[in-house]
Amino acid sequence: MKLWVDVQLPNGSVVPAGTIEDIGGRGRGRGGGRAGTVSFSYAPNYLVSPSAYPLAPSLPLTPGTFSPSGSRAMLSGLADSQPDLWGRRLIDASRRRRAQRAGAVPSRASEVEILAAVPDATRQGALRYRLIEDADAGHVAAAPLSRTPTLMELDTLIAAAQAFEHGEEISDDTADLLAAGTSAGGARPKTNVLREDGSIALAKLPRDADFGDAMAWEATALHLSRDAGITVPTFELIRVGDRSVLVLDRFDRTQETSGAGQRIGYLSADSLLDKSPGELRTYVAHRNFVYGLRENAALDTRSNTGVERDFRLRLG
């Protein structure tokens, strides 16, 4: 599979930044990563655009082909618009259901296919994707935002996530509700939800394996961080029966009074450090992260101070 990689710029325009494809063992690109993963190249017009910016420090604005470094399966920067464990489980389950209906053997999704499976309306960050062979058809997985669940459906979402985690069969309608959570990172069940005003938020759901009320404790940690002067997203804790759901503003969207808001490009610590999976997250890595912010991010002094204070508090 091969996709156009579009980037939504701060002015709201969407421009082609390059292409990404599965290379299927056809060699290594400039990242020196393992063969059989992906390959990325910037579009010539993007390289000469005054509005262009590198999608990651490991992807400088130069011609040529890039592949993931070390044992990474996806390039830094682009990996931030992929799901983590929870979203991948949902995508795998969806592929299995489709294969079973067709009487076929389900195949393992490639990294580019996983990119293409994430709903465009709720995808993390400012990157969007189009099929090379059908670029005029719009962005992949472009389901309308109206299909995103609302806060009124939290009890249904909790029950659906619980059933899915237990390996129970769920209906297509329920699977569609959970699919709104495929863009978010992490292993915890979560989904995007629409607030009453139409703005989009992230709902982190409880799970049976939690020790106590994990979402209430996470809300407590956010309260303490905010009191310590660290910037945290706007959040609320919603009780659903005897369980809690933590609902947070999306940090990668502007908070409009209605609608999904403007997409905001971001780079995770994982993409900034460009480390292979399994490498130890040590104090040195945290220090390198702060240095990387200073060198690569357009942050003001207060933002840098907040990040460093956060690390000091976490590390004691």
Original post:
Side-chain contact, heavy-atom cut-off 4.5 Å: P233 with F251?
Top reply: no
**OP:** With rounding to the nearest 0.5 Å, note down the distance linking OG in S41 to CZ in F66.
**Re:** 8.0 Å
Side-chain donor-acceptor pairs under 3.5 Å in residues 156-165, sequence neighbours left out?
from: Q162; atom 1: NE2; to: D208; atom 2: OD1; distance (Å): 2.9
from: Q162; atom 1: NE2; to: D208; atom 2: OD2; distance (Å): 2.7
from: E165; atom 1: OE2; to: R207; atom 2: NH2; distance (Å): 2.7

Subject >> Donor-acceptor pair, side chain of Q82 and main chain of I114, under 3.5 angstrom >> reply: no
Subject >> L205 reachable from L151 in the ILVMFWY side-chain graph, under 4.5 Å edges >> reply: yes
Original post:
Does the side chain of D270 come under 3.5 Å of the side chain of S268 through a donor N or O and an acceptor N or O?
Top reply: no
Original post:
Quick check: are there more than 12 heavy atoms from other residues, nucleotides or ligands sitting under 6.0 Å from CD of E196?
Top reply: no
Original post:
Where the side chain of W86 meets the backbone of K190, is there a donor-acceptor pair that is under 3.5 Å apart?
Top reply: yes
Original post:
What distance do I20 atom CD1 and K2 atom NZ have between them, rounded to the nearest 0.5 Å?
Top reply: 11.0 Å
Original post:
Does L267 reach the side chain of P57, with side-chain heavy atoms less than 4.5 Å apart?
Top reply: yes
Subject >> Residue list, ring pair (Phe, Tyr, Trp, His ring centres under 6.0 Å) with F235, at least two apart or on another chain >> reply: H223
Validation: residues 93-103 side-chain donor-acceptor distances under 3.5 Å, sequence neighbours left out:
from: S94; atom 1: OG; to: R98; atom 2: NH1; distance (Å): 2.9
from: R95; atom 1: NE; to: S107; atom 2: O; distance (Å): 3.4
from: R95; atom 1: NH2; to: S107; atom 2: O; distance (Å): 3.4
from: R95; atom 1: NH2; to: S107; atom 2: OG; distance (Å): 3.0
from: R101; atom 1: NH2; to: D172; atom 2: OD1; distance (Å): 2.5
from: R101; atom 1: NH2; to: D172; atom 2: OD2; distance (Å): 2.6

Original post:
What are the two closest non-hydrogen atoms of A56 and S76, and how far apart are they?
Top reply: CB-O, 3.5 Å
**OP:** Search all heavy atoms of A203 against all heavy atoms of V245 and return the closest pair with its distance.
**Re:** CB-CG1, 3.9 Å
Original post:
Closest heavy-atom contact between L115 and L78?
Top reply: CD2-O, 4.0 Å
Subject >> Pairwise distance CG(D210) to CZ(R188) - rounded to 0.5 angstrom >> reply: 4.0 Å
**OP:** Enter the distance from Q262:CD to N11:CG here, rounded to the nearest 0.5 Å.
**Re:** 8.0 Å
**OP:** Quick one: pull up CE in M1 and CG in L131 and give me the separation to the nearest 0.5 Å.
**Re:** 5.5 Å
**OP:** State, to 0.1 Å, how close R123 and L127 come at their nearest heavy-atom pair, and which atoms those are.
**Re:** CD-O, 3.2 Å
Subject >> Separation between OG of S271 and CZ of R72, rounded to the nearest 0.5 Å >> reply: 5.5 Å
Subject >> Close side-chain approach of S244 to E218, heavy-atom, < 4.5 Å >> reply: no
**OP:** List the atom of T62, the atom of L47, and the distance in Å for their closest heavy-atom pair.
**Re:** N-CD2, 3.6 Å
**OP:** May I ask you to say whether R263 pairs ionically with D120, meaning some side-chain N is under 4.0 Å from a carboxylate O?
**Re:** yes
Original post:
Can you name the one residue among I23, T19, L55, T65 that meets side chain to side chain contact (heavy atoms under 4.5 Å, CB included) with F40?
Top reply: L55
**OP:** Say whether I264 and L9 are linked into one hydrophobic cluster, either directly or through other cluster members, by side-chain heavy-atom distances under 4.5 angstrom.
**Re:** no
Original post:
Is the closest basic N to carboxylate O distance between R195 and E236 below 4.0 Å?
Top reply: yes
Original post:
Is a donor on one side and an acceptor on the other found under 3.5 Å between the side chain of R243 and the backbone of M215?
Top reply: no
Original post:
Does any N or O in the side chain of S49 come within less than 3.5 Å of the main-chain N or O of N45, such that one atom is a donor and the other an acceptor?
Top reply: no
Original post:
Is there a donor-acceptor pair closer than 3.5 Å between any side-chain N or O of R239 and the backbone N or O of D242?
Top reply: yes
Original post:
For residues N192 and T148, is any side-chain donor paired with an opposing acceptor at under 3.5 Å?
Top reply: no
**OP:** Decide yes or no on side chain to side chain contact (heavy atoms under 4.5 Å, CB included) for V5 and Y129, but give the supporting numbers first.
**Re:** CA-CA 5 Å; V5 181; Y129 300 91; 3.7 Å; yes
Original post:
Where do P83 and V118 come nearest, in terms of heavy atoms and distance?
Top reply: CD-CG2, 3.6 Å
Subject >> Cluster overlap V240 with V247, hydrophobic side-chain contacts below 4.5 Å >> reply: yes
Original post:
Any chain of hydrophobic side-chain contacts (each under 4.5 Å) joining L61 to L75?
Top reply: yes
Original post:
Should L202 and Q124 be marked as a side chain to side chain contact (heavy atoms under 4.5 Å, CB included) after you check the CA-CA gap, both sets of side-chain angles, and the distance that decides it?
Top reply: CA-CA 11 Å; L202 182 68; Q124 294 280 120; 5.6 Å; no
Subject >> Linked, directly or transitively: Y53 and Y42 (ILVMFWY side chains, under 4.5 Å) >> reply: yes
**OP:** Kindly indicate, with the supporting measurements, whether the criterion side chain to side chain contact (heavy atoms under 4.5 Å, CB included) is fulfilled by H139 and V14.
**Re:** CA-CA 11 Å; H139 294 102; V14 180; 4.1 Å; yes
